[in-house]
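See structure below.
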Amino acid sequence: MSDSDPKEERTAEAIVTELLPSALFRVRLEGQQGVHEIVAHLPSTQRTNFVRLRVGDRVRVALSLTDWTRGRVLELLNKS
């Protein structure tokens, strides 16, 4: 199997740029490698607790280790 720890994940800060159907969000990552856009979803715990995201919100995203165009929204960051 894989040598990497399954609990290990890469996280990054991102900005929501587009709301997509089926509780998906297009988010923009800005880093040292440039600007990247990925598609992220909410975990089931945040769906049940009703977290509402809007365009322009800052979020922390966990990037998929197998597909770097996909991710999971971990938390909504302060808007300040």
Side-chain angles (χ1 to χ4, degrees):
M1 302 255 187
S2 175
D3 292 337
S4 65
D5 184 14
K7 295 180 182 176
E8 178 183 322
E9 57 187 18
R10 295 179 183 217
T11 61
E13 290 187 12
I15 298 175
V16 177
T17 58
E18 185 179 358
L19 305 177
L20 301 172
S22 301
L24 295 175
F25 305 92
R26 188 172 315 276
V27 298
R28 184 179 68 228
L29 305 170
E30 295 180 0
Q32 297 171 346
Q33 290 81 21
V35 176
H36 301 284
E37 286 199 350
I38 65 168
V39 175
H41 64 90
L42 290 174
S44 60
T45 57
Q46 287 183 341
R47 278 191 216 139
T48 58
N49 292 335
F50 192 69
V51 173
R52 179 177 301 222
L53 296 180
R54 296 187 175 111
V55 174
D57 284 349
R58 290 181 46 234
V59 293
R60 184 174 321 280
V61 178
L63 301 173
S64 171
L65 296 176
T66 56
D67 183 4
W68 287 16
T69 63
R70 305 284 299 193
R72 183 178 71 248
V73 176
L74 296 177
E75 65 179 320
L76 176 63
L77 300 175
N78 292 338
K79 296 184 180 185
S80 59

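Both backbone and side-chain heavy atoms feed into the values below; hydrogens, waters and symmetry mates do not. Since the structure is predicted, the reported quantities are computational estimates derived from the model, not experimental observations.
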- [ ] With V27 as reference, evaluate I38, I15, L53 under the side-chain contact (heavy atoms from CB on, under 4.5 Å) test and give the passing residue.
- [x] I38
Open item on the list: When you compare the side chain of D57 with that of V55, does any pair of heavy atoms fall below 4.5 Å?
Closed with: no
Open item on the list: When you compare the side chain of R10 with that of W68, does any pair of heavy atoms fall below 4.5 Å?
Closed with: yes
Task: Closest non-hydrogen atom pair, V35 against E30 - done: CG2-CG, 4.1 Å
Open item on the list: For a quick test of reading the model, state the closest non-hydrogen atom pair linking L29 to A12 and the distance between them.
Closed with: CD2-CB, 4.0 Å
Task: side chain to side chain donor-acceptor pair (under 3.5 Å) partners for T69, two or more places apart - done: D67
Open item on the list: Please find the pair of heavy atoms, one from G71 and one from V61, that lie closest to each other, and give the distance.
Closed with: CA-CG1, 4.2 Å
Task: Least distance between heavy atoms, A40 atom then R72 atom - done: CB-N, 4.3 Å
TODO: Quick one: list whatever passes side-chain contact (heavy atoms from CB on, under 4.5 Å) with L20, sequence neighbours left out.
DONE: E18, L24, R26, V39
Open item on the list: Test of understanding: with salt bridge (charged side-chain N to carboxylate O under 4.0 Å, His left out), list the residues that count as partners of E37, not counting sequence neighbours.
Closed with: none
Task: R70 CZ to L65 CG distance, which is reported to the nearest 0.5 Å - done: 14.5 Å
Open item on the list: Consider side-chain contact (heavy atoms from CB on, under 4.5 Å). Of L42, L77, L74, V73, which one does V59 pass it with?
Closed with: V73
- [ ] Start with the C-alpha distance between R28 and H36, add both sets of side-chain angles, then the distance that settles side-chain contact (heavy atoms from CB on, under 4.5 Å), and finish with yes or no.
- [x] CA-CA 6 Å; R28 184 179 68 228; H36 301 284; over 6 Å; no
